[in-house]
2 protein chains.
Amino acid sequence: MPIKYYFVMKKDKISLKDIANSLGVSTTLVSLVLNNKGEVHGISKETQAKVIAKAKELNYMPSFMARGLRTGRSFTIGVVVSDISNPFYSRMVRYMEDEASKNGYTLLISSSDESHNKESKLIKMLIDRQVDGLIISSSQPNLSFLSDVEASSIPYVLIDRVFEDNLNVNTISVDNIQGSYKAVEHLVSQGYKKIAMLAVTPIYVSTIRERIDGYLRSVDAFNLEYGSELLVELDFYNLRQSILNIINSMILKPEPEIDAIFAINNNVAVECLKSFKELGIEVPQNLGFISFDDIDLYELTSPSVSAIAQPLETLSTQAVNMIIQNIENKTHEFQQMKLDTELIIRESTLRE
Amino acid sequence: MPIKYYFVMKKDKISLKDIANSLGVSTTLVSLVLNNKGEVHGISKETQAKVIAKAKELNYMPSFMARGLRTGRSFTIGVVVSDISNPFYSRMVRYMEDEASKNGYTLLISSSDESHNKESKLIKMLIDRQVDGLIISSSQPNLSFLSDVEASSIPYVLIDRVFEDNLNVNTISVDNIQGSYKAVEHLVSQGYKKIAMLAVTPIYVSTIRERIDGYLRSVDAFNLEYGSELLVELDFYNLRQSILNIINSMILKPEPEIDAIFAINNNVAVECLKSFKELGIEVPQNLGFISFDDIDLYELTSPSVSAIAQPLETLSTQAVNMIIQNIENKTHEFQQMKLDTELIIRESTLRE
DNA sequence: TTTTTCACCTAAATTGTTTTAGAAATCAAA
DNA sequence: TTTGATTTCTAAAACAATTTAGGTGAAAAA
């Protein structure tokens, strides 16, 4: 491996002072002009033009740190999700990035891996970095861990995963209960009767709780066989094995107890699909299959996978807008938004 | 939508001064102690203990901006990729995040959408934000656009997409030429003879260039039918249609000109898979199929997709380590790393 | 001629650190 | 009794911006 040493002359940054000195004016004046406060402070047109020209000539860029120190603003929004490599979150974050950038904000993104401890640390770190606001998809069960955020008086919005109705908090999420209901309803309409929900720990995450709730309501409403016995809680850290167990014990037998699976999220669904492939399970003939969350690959599997899609773009852009409103208005006005899901019917639930 | 107004008392932040005042010492002393320079500056053990205790008691957190202003450091690494929602990059970024965090750094991630203009702006933005280093997967053809970075004397590393061998730049990438060669070699070994490469604009991106190069070399080496006529450059902004055209004009005919497709990256591959599905093309019977890049969904499609996998984790963690070395050593020592790819054989290239 | 008004500009404080250069106090050596 | 070390600490500058409170000089009004 070739190695070389170089010594680069550090070109020092242009500051307000440099502009001011080279024009023989004060830094105050330069600052005012460059912040579009020239008019209101009665700086003459010519002086303004000179300043602007000089700034351009010297390629002036304000110091982020100096400005941040003085104003307390960073034009940065902290984002905490469980895992940026999960396609659900990477798409979400991408929408956020675009919306934030439109408004002159940048994102500081971090992954909590569903760990409370890590999540709290990340939030602390983001606050230290003086983010102007936080968008959090929390893995915590309730607001208590948010004490850091509350104490800091930084505005935040909970996205996707929200806590018990709390009017003092910004939230944006989808109607998970209704979404689950739609999924089961669709399976029922296709003639499936023994519908299992494969949920996953930790069940205190609001989306999980609500989706289970929706499932249980629909089981009641449609008076399904076995009832809630077919609600299975898989171990998050042992997804693969626990799914194989279910399949072996409840499906691969002469009189299967399950004729359709409703996967609670894309993680579970992907593992299911792998198992189906491995064990040669025929979907939708032997087993109906539907998933909460809609990810790209559902279109490409055989059969393609029906899903309950969340309006990701709206979710993301609205979250960003909410937080920016809070940041810029300085008024602490809280909003709660709940969006509808969409049933996407593909091959995995269409029995011939 | 319920709305409420709240007025939160802003708990102001604890500064060095607060600690200093409450102990009747100078801020200098407090700063030294909290930066572990107490010993070397001969601060007495008792005073040190008092300061540390007080800092903990008051829950002191240094101001990121003040520190950054004074030291010129931000403990932030800027990352520019073409699209964070592309699974290749979202996984890459995730590995980077973990490695950076181990070393006390945070990432500032942004997507360029393959636009030169946007990429330049992002880099400028990141420099403004005083990142300590940059990791760039550039869509530019050469170094010229990097003048901003060079001028700023911020260390950077080019990842995945690197330019002509340049010993004055940090680079880390895979051996794309060898990777392409392996793919074709494998197809040949399976009896495919009319192997098309579906490339994509812009072809000046180094990975594209090199993969094409590797394809052409192997076409030569194996003396393949049609030779380089089967190299197709698809339009990035019109992928879907251009792929359908190829399939209709070159495959769906009695005497097809193509018996295997080598997709130059996951974007192209995904569109191919969609088209195959739509048009009912049987892979691998009628058509062999392999892709550069290995993404999760290749395991789940039917047939599963063979691929040339990049060592993503190594790529990412090494990039982070390179940049941190550069940041912390202050010596400008450039490294070039080229990693090997791995051929992953799945169903899409296994003709019965 | 003095006062007021107006247009245009600036000094200095402030933000919270780090760091340089040196001060004060104590004790030992000369 | 002065000098020199040694230990322990501090004042003040620097980083680069924003902002408050006001200054200056010329023209207009009294």
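Note that the structure is a prediction, hence the values are computed from the model and not measured. Per chain, numbering begins at 1; letters A, B, ... match sequence-line order.
Counted by atom type alone, B:Gln335 and B:Gln318 present zero donor-acceptor pairs between their side chains at under 3.5 Å. Between B:Ser139 and B:Glu119, the side chains place a donor N or O and an acceptor N or O closer than 3.5 Å (distance only, hydrogens not considered). In summary, the side chains of B:Glu97 and A:Ser111 do present a donor paired with an acceptor at a separation below 3.5 Å, with no hydrogens or angles considered. Defined by atom type and a distance below 3.5 Å, a donor-acceptor pair is missing between the side-chain atoms of B:Thr28 and B:Ser31.
At the phosphate of D:dT18, OP1 or OP2 sits under 4.0 Å from a side-chain N or O atom of A:Arg67.
One interatomic measurement links the two molecules: CG of A:Leu69 to P of C:dT14, which rounds to 14 Å at whole-angstrom precision. Across the protein-nucleic acid pair, B:Leu29 atom CG and C:dT19 atom C1' stand 14 Å apart, rounded to whole Å. With rounding to whole Å, B:Lys13 atom NZ is found 9 Å from C:dG16 atom P. Separating the CD atom of B:Gln130 from the P atom of C:dT17 is a distance of 16 Å, rounded to the nearest angstrom. With rounding to whole Å, B:Phe75 atom CZ is found 15 Å from C:dT17 atom P. Atom NE2 of A:His41 and atom C1' of D:dT20 are 10 Å apart (whole Å). Across the protein-nucleic acid pair, A:Leu32 atom CG and D:dT18 atom P stand 9 Å apart, rounded to whole Å. Separating the NZ atom of B:Lys37 from the C1' atom of C:dT17 is a distance of 11 Å, rounded to the nearest angstrom.
For the atom pair B:Tyr95 OH and B:Thr314 OG1, the distance stands at 9.0 Å (nearest 0.5 Å).
Considering all non-hydrogen atoms of both residues, B:Tyr105 and B:Asp132 come closest at CE2-OD2, 3.8 Å.
Judged by atom type and distance alone, A:Arg70 reaches the base of D:dT18 through a side-chain donor-acceptor pair under 3.5 Å. For C:dT19, the base has a donor-acceptor partner in the side chain of B:Thr28 [N/O atoms by modelled type, under 3.5 angstrom].
Residue contacts shown for B:Ser31 include a base, since a base heavy atom lies under 4.0 Å away.
Counting only heavy atoms from C-beta outward, the side chains of A:Val169 and A:Phe334 never approach each other to under 4.5 Å. With a 4.5 Å cut-off on side-chain heavy atoms, B:Phe75 and B:Asn103 do not count as touching. Residues B:Leu158 and B:Asn170 have side chains not in contact (no heavy-atom distance under 4.5 Å, counting atoms from C-beta outward).
Remark: B:Arg94 engages B:Asp98 in a salt bridge, criterion side-chain N to carboxylate O under 4.0 Å. A salt bridge does not link A:Lys50 to A:Glu57: none of the charged nitrogens lies less than 4.0 Å from a carboxylate oxygen.
Looking at residues 43-66 of chain A, you'll see A:Ile43, A:Ser44, A:Thr47 sit with a heavy atom under 4.0 Å from some atom of DNA chain C. For the segment residues 15-25 of chain B, residues with any heavy atom less than 4.0 angstrom from an atom of DNA chain D are, sorted by number, B:Gly24, B:Val25.
A 6.0 Å sphere centred on NZ of B:Lys118 holds more than 12 heavy atoms belonging to other residues, nucleotides or ligands.
Each end of the helix from C:dT1-D:dA30 to C:dA30-D:dT1 gets its own axis, taken as the rotation carrying the C1' atoms of four end pairs onto the next four within a five-pair window, and the two axes meet at 90° to the nearest 10 degrees.
Toward the 5′ end of DNA chain C lies the nearest nucleotide of A:Gly42, the other residue of the pair A:Gly42 and B:Asn35 mapping further downstream.
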